[in-house]
Colleague: 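Structure incoming, see below.
Note that the structure is predicted; figures quoted are calculated from it, not measured.
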Amino acid sequence: MKIDWDWVKESLFKKERITLRAPGAVLESADESINKARSLAKPEAMLAKKAILSFDAGSIKLACGIEFSGRIISSYIRPARALYLFLVTIGPAIEDESSGLMKRGESLSGYLLDRTGSFAVESLAGKLESYLRKEYKSKGKSTSIRLSPGYCDWPVEEQVKLDMILDFSRIGVRLTESCMMIPRKSISGLI
């Protein structure tokens with residue numbers, strides 16, 4: 001999986017309302033952030049297909065013995081026969097550099113680099129989703145939207161279950177006690 005850096009730049013400029021008429025320091029900092037992020041990002045992705053055993057009122061039971069809860073997510077997934085569980089990350093370097101810039105008082109550069117990292121990991125997750133969508137469309141099938149713990153009614157604590165299946169540590173990601181991922185520029189979920 002590769003990051004779509006053109007999409008990242010377009011998203012950064014659009015979401016932060018940066019135009020070509022922006023002050024020179026803002027444009028320069030935005031371009032520097034994108035270039036720095038390109039050199040620091042270490043994209044990694046994991047994907048595992050798991051058969052669905054059953055759907056109950058508000059849960060999805062997998063054949064591997066794991067059960068995910070949430071009425072809304074189970075309604076998006078029904079009547080699928082399998083789930084793809086995924087994890088993508090760009091590694092810790094961008095957030096480390098962004099934090100360092102902030103500590104040195106370079107707030108604009110630190111902020112824009114952090115935002116660039118967020119768009120980069122989102123691009124990676126989007127690429128994975130697009131790949132699966134194309135694969136299944138070629139077989140006359142469809143896929144659900146990408147869903148992540150903490151969204152809709154899927155408890156963020158179920159991040160632990162994803163980790164049990166995927167072993168996040170294989171690509172350098174770990175969970176905190178509150179089930180947040182380190183590095184923060186990581187996205188997990190199911191399709």
Colleague: Which residues satisfy the side chain to side chain contact (heavy atoms under 4.5 Å, CB included) test with Val26, sequence neighbours excluded?
Modeller: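 Here the qualifying residues are Ile18, Ala22, Pro23, Leu108.
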Colleague: Does atom CZ of Phe55 have more than 12 heavy-atom neighbours from other groups under 6.0 Å away?
Modeller: yes
Colleague: I need the Leu190 CG to Ile165 CD1 distance, nearest 0.5 Å.
Modeller: 9.5 Å
Colleague: Using side chain to side chain contact (heavy atoms under 4.5 Å, CB included) as the criterion, list what pairs up with Arg146, not counting sequence neighbours.
Modeller: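 Applying side chain to side chain contact (heavy atoms under 4.5 Å, CB included) to Arg146 gives Phe86, Glu122, Ala125, Glu129, Ile187, Ile191.
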Colleague: Please name all residues satisfying side-chain hydrogen bond (donor to acceptor under 3.5 Å, both in side chains) with Asp96, sequence neighbours left out, ordered by chain then number.
Modeller: none
Colleague: Is it the case that one hydrophobic cluster holds both Leu162 and Leu132, taking links as side-chain heavy atoms less than 4.5 Å apart, direct or via other members?
Modeller: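 Shared cluster, no.
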Colleague: Nearest 0.5 angstrom please: Met46 CE to Leu87 CG, how far?
Modeller: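 So the gap between those two atoms works out to 6.0 Å.
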Colleague: Decide whether Leu124 and Tyr151 are clustered together by the hydrophobic rule: side chain heavy atoms of Ile, Leu, Val, Met, Phe, Trp, Tyr closer than 4.5 Å, transitively.
Modeller: no
Colleague: Could Lys9 and Asp31 be called an ion pair, given the rule that one side-chain N must be under 4.0 Å from one carboxylate O?
Modeller: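 Yes, Lys9 and Asp31 are salt-bridged.
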Colleague: Keeping to residues at least two apart or across chains, list the side-chain hydrogen bond (donor to acceptor under 3.5 Å, both in side chains) pairs with something in residues 175-191.
Modeller: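 Non-adjacent pairs meeting side-chain hydrogen bond (donor to acceptor under 3.5 Å, both in side chains): Thr89-Ser186, Asp114-Lys185, Ser118-Lys185, Gln159-Ser188, Thr176-Ser178.
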Colleague: Nearest 0.5 angstrom please: Ile34 CD1 to Phe119 CZ, how far?
Modeller: 10.0 Å
Colleague: Would you say the side-chain atoms of Lys161 pair up with the backbone N or O of Glu67, donor to acceptor, closer than 3.5 Å?
Modeller: yes
Colleague: Cluster question for you: counting only ILVMFWY and a side-chain heavy-atom cut-off of under 4.5 Å, with indirect links fine, are Ile171 and Met1 together?
Modeller: no
Colleague: Examine Phe168 and Met164 and state if one hydrophobic cluster contains both, with Ile, Leu, Val, Met, Phe, Trp and Tyr joined whenever side-chain heavy atoms are less than 4.5 Å apart.
Modeller: yes
Colleague: The test is side chain to side chain contact (heavy atoms under 4.5 Å, CB included); show your working for Leu47 and Leu166 and say whether it passes.
Modeller: CA-CA 8 Å; Leu47 188 63; Leu166 295 173; over 6 Å; no
Colleague: Rounded at 0.5 Å granularity, tell me how far CG in Leu83 sits from OG1 in Thr143.
Modeller: 11.5 Å
Colleague: Kindly give the heavy-atom pair with the smallest separation between Pro149 and Gly189, and that separation in Å.
Modeller: CD-CA, 4.1 Å
Colleague: Closest heavy-atom contact between Phe13 and Leu27?
Modeller: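 Of all heavy-atom pairs spanning Phe13 and Leu27, the closest is CE2-CD2, 3.7 Å.
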Colleague: What is the minimum heavy-atom distance between Ile90 and Gly117, and which atoms define it?
Modeller: CD1-O, 3.4 Å
Colleague: Calculate, to the nearest 0.5 Å, the distance between atoms CZ and OG belonging to Arg115 and Ser33 respectively.
Modeller: 11.5 Å
Colleague: How would you list, by chain and number, every residue that makes a side-chain hydrogen bond (donor to acceptor under 3.5 Å, both in side chains) with Glu97, sequence neighbours excluded?
Modeller: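 Once residues adjacent in sequence are excluded, the partners of Glu97 under the side-chain hydrogen bond (donor to acceptor under 3.5 Å, both in side chains) criterion are Lys36.
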Colleague: State plainly whether one hydrophobic cluster holds both Leu101 and Tyr111, where clusters connect Ile, Leu, Val, Met, Phe, Trp and Tyr through side-chain heavy atoms under 4.5 angstrom apart.
Modeller: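 Same cluster: Leu101 reaches Tyr111 through Ile, Leu, Val, Met, Phe, Trp or Tyr contacts under 4.5 Å.
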Colleague: Any donor and acceptor pair, going by atom type alone, linking the side chain of Asp4 with main-chain N or O of Ser123 inside 3.5 Å?
Modeller: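 No: the side chain of Asp4 does not pair with the backbone of Ser123.
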Colleague: Can you tell me how far the CG atom of Leu113 sits from the OG atom of Ser98, to the nearest 0.5 Å?
Modeller: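 Result: 5.0 Å between the selected atoms.
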Colleague: Among residues two or more places apart or on two chains, list those pairs meeting side-chain hydrogen bond (donor to acceptor under 3.5 Å, both in side chains) that have a residue in residues 74-87.
Modeller: Tyr84-Tyr136
Colleague: Quick one: do Leu85 and Phe68 satisfy side chain to side chain contact (heavy atoms under 4.5 Å, CB included)? Show the steps, please.
Modeller: CA-CA 12 Å; Leu85 309 176; Phe68 294 121; 4.0 Å; yes
Colleague: Taking atom NZ as the centre, does Lys2 end up with more than 12 heavy-atom neighbours from other residues, nucleotides or ligands that are less than 6.0 angstrom away?
Modeller: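 Count not over threshold, so no.
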